[in-house]
*Asks:* 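Got a structure here, written out as structure tokens. Questions coming.
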Amino acid sequence: MAHAIALNFEDGVTRLIEARPGETVAEAAYRLGINIPLDCRDGACGTCKCRIASGSFESGDYLEDALGPEEAAEGYALACQARPTGDLVVEVAASSAACKTRPQSVTATLAKVARLSPSTLAFELDVAGAFGFLPGQYVNLTVPGTRETRSYSFASAPGTDRLAFLIRDIPGGLMSGTLRGAAAGLALEFTGPSGSFYLRDVKRPLLFLAGGTGLAPFLSMLRHLKAKGTGGHPVHLVYGVTRDADLVEVDTLEALARDIPGFTFATVVADAQSPHPRTGYVTDHLPAAALHGGDVDIYLCGPPPMVDAVRGWLHAQGVTPAGFHTEKFAVSGTAAVPLKRAG
Ligand SMILES: Cc1cc2nc3c(=O)[nH]c(=O)nc-3n(C[C@H](O)[C@H](O)[C@H](O)COP(=O)(O)OP(=O)(O)OC[C@H]3O[C@@H](n4cnc5c(N)ncnc54)[C@H](O)[C@@H]3O)c2cc1C
Ligand code: FES
């Protein structure tokens, strides 16, 4: 049976390939022109050592000099020997350019833009055929008529031809301004998928912490979990925004909470004047139980100050989670016109 392999390169680029029955990871990559590091091809030199971030495989035959038992226990494998027995995510210890590949370039069609609130838009792109990515990843979208690109995280689950995104509507913002008035049918170019902020195999409780449109990758992860299950582990999301107007997709979260056993969430508004039942920061509304004494995989995404503040808070609590993955929605461009800050 064929298995999907996501090859994640050091520079954040992901290429999704398929291994034919019986093929090793290296054989599948080379057949498709992706030259991952390789030397002896015999399990002797260790050049092709990679980390299997998720999925099942047969590790094959190799010398202990090439891959020690401790490395194997930590999830490392030899690409020239490892044969997938399920879908795999493989971290390749080289850049995409060094492996003679690059991010996929895609021409998409704008299917719709919807205003979710005064500060937030949702948009959807149609692509030709089911599009693969890892839930939590993003694309680099070119602003039409320019060479500028902006990064946007998928809000939809992988494997469909309709891709959904959330975007903060920034006064004077180049991409948000373009999309605000755009009509369905507009051609948009993107490269991707990219990023190391993706949902790993669920092995323990999950804690998701989202700030603003940093909710998008969690919607993708949750939609994926709805389809694939959580393995019985609880999932808690704390979703914080600055003002009431920034709170979007709460209906979607409520529906997901009905559909995913063990999924709970809380919304938080930072504005102290807000009538919202929970005001302040996400860390003010993080029950100790959600940290599971550190036996938890934490995923944190939002504006850089929020990510830094939450990371600092966790450190101050003396919590060292079993897994900790972050994504900062760093500003990727400059304002097209003089800008009045939206905050
Ligand atoms: C990996 C990654 C994933 C991302 N995913 C998303 C996503 O899913 N959704 C999303 O909305 N954004 C996301 N971003 C941010 C996004 O790439 C853009 O930076 C953002 O949309 C602004 O683009 P723009 O062209 O509208 O504004 P620009 O023309 O780039 O104008 C930006 C200017 O506006 C100001 N500005 C920028 N952001 C804000 C803000 N939030 N509030 C107030 N002022 C601001 C800054 O002064 C900046 O100079 C992501 C960023 C990264 C790095
Ligand atoms: S290439 Fe030498 S161990 Fe794989």
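Counting convention: from 1, in listed order, for ligands and their atoms alike.
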*Asks:* Quick one: does Y152 get a heavy atom under 4.0 Å from ligand 1?
*Replies:*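 Contact check Y152 vs ligand 1: positive.
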
*Asks:* Atoms of ligand 2 less than 4.0 Å from C48 heavy atoms?
*Replies:*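 Result: 1 (S), 3 (S), 4 (Fe).
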
*Asks:* Under a 4.0 angstrom heavy-atom cut-off, which atoms of ligand 2 come close to G46?
*Replies:*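 Counting atoms of ligand 2 from 1, those under 4.0 Å from G46 are 2 (Fe), 3 (S).
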
*Asks:* Parallel under 30°, tilted from 30 to 60°, perpendicular over 60°: which one fits the rings of F165 and F123?
*Replies:*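 The arrangement is parallel - the two ring planes meet at less than 30°.
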
*Asks:* Out of all atoms in ligand 2, which are within 4.0 Å of some heavy atom of C80? Include the element for each.
*Replies:*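 Counting from 1, the qualifying ligand atoms are 1 (S), 3 (S), 4 (Fe).
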
*Asks:* For P303, state whether at least one heavy atom is located under 4.0 Å from any atom of ligand 1.
*Replies:*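 Heavy atoms of P303 never come under 4.0 Å of ligand 1.
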
*Asks:* Taking only heavy atoms of G43 into account, list the atoms of ligand 2 that are under 4.0 Å away from them.
*Replies:*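 Checking each atom against G43, I get 3 (S).
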
*Asks:* Give the residue, atom name and distance (to 0.1 Å) of the protein heavy atom nearest atom 2 (Fe) of ligand 2.
*Replies:*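 Looking only at protein heavy atoms, the one closest to atom 2 (Fe) of ligand 2 is C45 SG, 2.2 Å.
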
*Asks:* Any nitrogen or oxygen of R168, side chain or backbone, less than 3.5 Å from one on ligand 1?
*Replies:*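 The answer is yes, given that R168 and ligand 1 share an N or O pair closer than 3.5 Å.
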
*Asks:* Check each atom of ligand 1 against the heavy atoms of L174 and keep those under 4.0 Å away; list them by number with element.
*Replies:*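 Here the atoms of ligand 1 in question are 24 (P), 25 (O), 26 (O), 27 (O), 28 (P), 29 (O).
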
*Asks:* Looking only at distance, does Y138 have an N or O less than 3.5 Å from an N or O of ligand 1?
*Replies:*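 Y138 vs ligand 1: no N/O contact under 3.5 Å.
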
*Asks:* For ligand 1, which atoms, with element, lie under 4.0 Å from some heavy atom of L166?
*Replies:*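 Per the distance check, 7 (C), 8 (O), 9 (N), 10 (C), 11 (O).
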
*Asks:* Knowing that exactly one of V89, L134, L206, L222 qualifies, which makes a side-chain contact (heavy atoms from CB on, under 4.5 Å) with L199?
*Replies:*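 Single side-chain contact (heavy atoms from CB on, under 4.5 Å) partner of L199 among V89, L134, L206, L222: L206.
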
*Asks:* For the residue pair T267 and H276, confirm or rule out a side-chain donor-acceptor distance under 3.5 Å.
*Replies:*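 The criterion, which ignores hydrogens and geometry beyond distance, is satisfied for H276 and T267.
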
*Asks:* Check for me whether the distance between the ring centres of Y239 and F265 falls short of 6.0 Å.
*Replies:*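 Centroid separation for Y239 and F265: 6.0 Å or greater.
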
*Asks:* Look only at interatomic distance and state if K328 has a nitrogen or oxygen under 3.5 Å from any nitrogen or oxygen of ligand 1.
*Replies:*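 In fact, backbone or side chain, K328 has no N or O that close.
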
*Asks:* Are the aromatic ring centres of Y198 and Y299 under 6.0 angstrom apart?
*Replies:*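 Ring centroids of Y198 and Y299 are no less than 6.0 Å from each other.
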
*Asks:* Does any N or O atom in I167 lie less than 3.5 angstrom from one in ligand 1, N or O only?
*Replies:*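 Min N/O separation from ligand 1 is not below 3.5 Å for I167.
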
*Asks:* Would you check whether I170 has a nitrogen or oxygen atom less than 3.5 angstrom from a nitrogen or oxygen atom of ligand 1?
*Replies:*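 By distance alone, the answer is no.
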
*Asks:* Please could you name the atoms of ligand 2 that R41 approaches to less than 4.0 Å, counting only its heavy atoms?
*Replies:*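 Numbered from 1, ligand 2 contributes 1 (S), 2 (Fe).
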
*Asks:* Pull out every atom of ligand 2 sitting under 4.0 Å from any heavy atom of A44, numbered as shown with elements.
*Replies:*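 Listed by number with element, the hits are 3 (S).
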
*Asks:* Kindly confirm whether atom 4 (Fe) of ligand 2 is within less than 2.8 Å of some N/O/S atom in C40?
*Replies:*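 No - counting backbone and side chain alike, C40 has no N, O or S atom under 2.8 Å.
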
